[in-house]
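Some notes on the structure that comes next.
Remember, it's a predicted structure, so these values are computed and weren't measured experimentally. These values consider heavy atoms only, across backbone and side chains, with no hydrogens, waters or symmetry-generated copies.
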Amino acid sequence: MTNNSMAASMQIADDMGFRVELERPPSRIVSLVPSWTETLFALGFNSEVVGVTKFCVEPAAAVASILKVGGTKNPDIGAIMKLEPELVIANAEENRREDVERLRAAGIPVFTTYPRTVPGAVESIMRMGRALGREAAAAALAKEITLSVSGIEAALGVWSKLRLRVFCPIWKKPWMSFNADTYAHDVLRMLGYNNIFASAGERYPMTTLEEAVERRPDIVILPDEPYEFDESDVAELKTLLPPALSRRLLTVSGRDLHWYGVHMVRGLKSLAERMARVRAAVL
């Protein structure tokens, strides 16, 4: 490699601390993360996105014609390699490490994200912006999210101190929730709630309704992903929970709770407004 080509290349650390080396900003990108796919288009990418997963559904019009390379947990590595991507966007939770390692072994740069807090998600956007050659757009998006979060926190008022306890399952049969080392937990914290499974030893602990009730939640929220909780689950839980708690059940958007990137701009505000309704029911 000549001195000029060395100077042109750049090394950027991803969220896992892995050094990703790129000769230039990528012009062929595969995204294995639905929330980051949406964010790529918000950062100004269009035809550069050549492959996405079947779960990458936003922006709907843009991703409809893009090649689908399988799911987040079972991507078609061969199909990805045929696309000759200059960068693959992955996530440490949504994607399997062995798939990331196979891509790297094939000489394909992979940028792996791993935000576990709201500020961490903003930092991920900034790191991605540097890797993608979109630093200005990423900085503008990060600023917009930060302002939105500041507005939400300012509007909490007394609720920032009088925090309600919340049970938020992410799966059923078996029931599962999440502990403090997760992005969803930090979203709830930012919204003024205490996650009853914050101190669990596992990041995604299995539980029972009986154990959840013993932890004395004030409210229960049911996101529609990864498990698709709906009104039928609300009706079922109303018969199983104590009377007071059964009146404080609410379904929410799983994207608002779990998706980072550009969705945070409207998603966090929407979730805050929806959560305020059930909060009022406690008074």
Task: Between Asn91 and Thr113, a side-chain donor and acceptor under 3.5 Å - done: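 A donor-acceptor contact under 3.5 Å links the two side chains.
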
Any donor-acceptor pair under 3.5 Å linking the side chain of [X] with the backbone of [Y]?
X      : Y      : value
Asp186 : Tyr183 : no
Thr251 : Leu222 : no
Glu48  : Ile29  : no
Lys68  : Val63  : yes
Arg96  : Lys73  : yes
Ser270 : Gly267 : no
Arg274 : Val252 : no
Tyr193 : Met275 : yes
Ser31  : Val52  : no
Asp15  : Thr112 : no

Task: Side-chain heavy atoms of Asp256 within contact of Lys269, under 4.5 Å - done: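 Heavy-atom side-chain distance check fails, nothing below 4.5 Å.
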
State whether [X] and [Y] are salt-bridged, where the test is any N-O pair (Lys NZ or Arg NE/NH1/NH2 against Asp/Glu carboxylate O) under 4.0 Å.
X      : Y      : value
Glu236 : Lys172 : yes
Arg266 : Glu58  : no
Arg215 : Glu211 : yes

Open item on the list: Go through it in stages, so that I can follow the logic: the residues are Val57 and Arg255, the test is side-chain contact (heavy atoms from CB on, under 4.5 Å), and I'd like the CA-CA distance, side-chain angles, deciding distance and then a yes or no.
Closed with: CA-CA 11 Å; Val57 294; Arg255 294 183 191 180; 3.2 Å; yes

- [ ] Measure up the Trp175 and Phe229 rings against each other and bin them: parallel (under 30°), tilted (30 to 60°), perpendicular (over 60°).
- [x]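 Rings of Trp175 and Phe229: parallel, as their planes differ by under 30°.
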
- [ ] On the 0 to 90° scale, with breaks at 30° and 60°, tag the Phe178-His258 ring pair as parallel, tilted or perpendicular.
- [x]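 Rings of Phe178 and His258: perpendicular, over 60°.
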
Open item on the list: Is it the case that over 12 heavy atoms from other parts of the model lie below 6.0 angstrom from the CE atom of Met176?
Closed with: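 Yes, the 6.0 Å shell around CE holds more than 12 heavy atoms from other groups.
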
Open item on the list: More than 12 heavy atoms of other residues, nucleotides or ligands under 6.0 Å from CD of Glu84: yes or no?
Closed with: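 Counting other residues, nucleotides and ligands, CD of Glu84 stays at 12 neighbours or fewer.
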
Open item on the list: Hydrophobic clustering (ILVMFWY, side-chain heavy atoms < 4.5 Å, transitive) - are Ile145 and Trp259 grouped together?
Closed with: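 No, Trp259 does not connect to Ile145 through the hydrophobic network.
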
Open item on the list: Hydrophobic cluster membership, with links at side-chain heavy-atom distances under 4.5 Å among I/L/V/M/F/W/Y: are Ile170 and Val118 in one?
Closed with: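 Same cluster: Ile170 reaches Val118 through Ile, Leu, Val, Met, Phe, Trp or Tyr contacts under 4.5 Å.
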
For [X] against [Y], the heavy-atom pair lying closest together:
X      : Y      : answer
Pro217 : Val213 : CD-O, 3.7 Å
Ile12  : Phe111 : CG2-CE1, 4.2 Å
Ala131 : Leu22  : O-CD1, 3.3 Å

Task: Of Thr37, Val100, Val88, Val110, the residue whose pairing with Leu32 passes side-chain contact (heavy atoms from CB on, under 4.5 Å) - done: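 Answer after filtering Thr37, Val100, Val88, Val110: Val88.
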
Task: Result of checking Arg165, Arg163, His185 against Asn195 for side-chain contact (heavy atoms from CB on, under 4.5 Å) - done: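 Option passing the side-chain contact (heavy atoms from CB on, under 4.5 Å) with Asn195: His185.
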
TODO: State which residue, out of Asn179, Asp181, Thr182, fulfils the side-chain hydrogen bond (donor to acceptor under 3.5 Å, both in side chains) condition with Arg203.
DONE: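 Exactly one pass, corresponding to Asp181.
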
Open item on the list: Would Arg116 and Tyr114 count as a cation-pi pair here, with the cationic atom under 6.0 angstrom from the ring centre and within 45° of the axis?
Closed with: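 Because its charged atom sits under 6.0 Å from the ring centre and within 45° of the axis, Arg116 does stack over Tyr114.
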
Open item on the list: To the nearest 0.5 Å, what is the distance between OG1 on Thr39 and CE on Met128?
Closed with: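 That separation rounds to 6.5 Å.
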
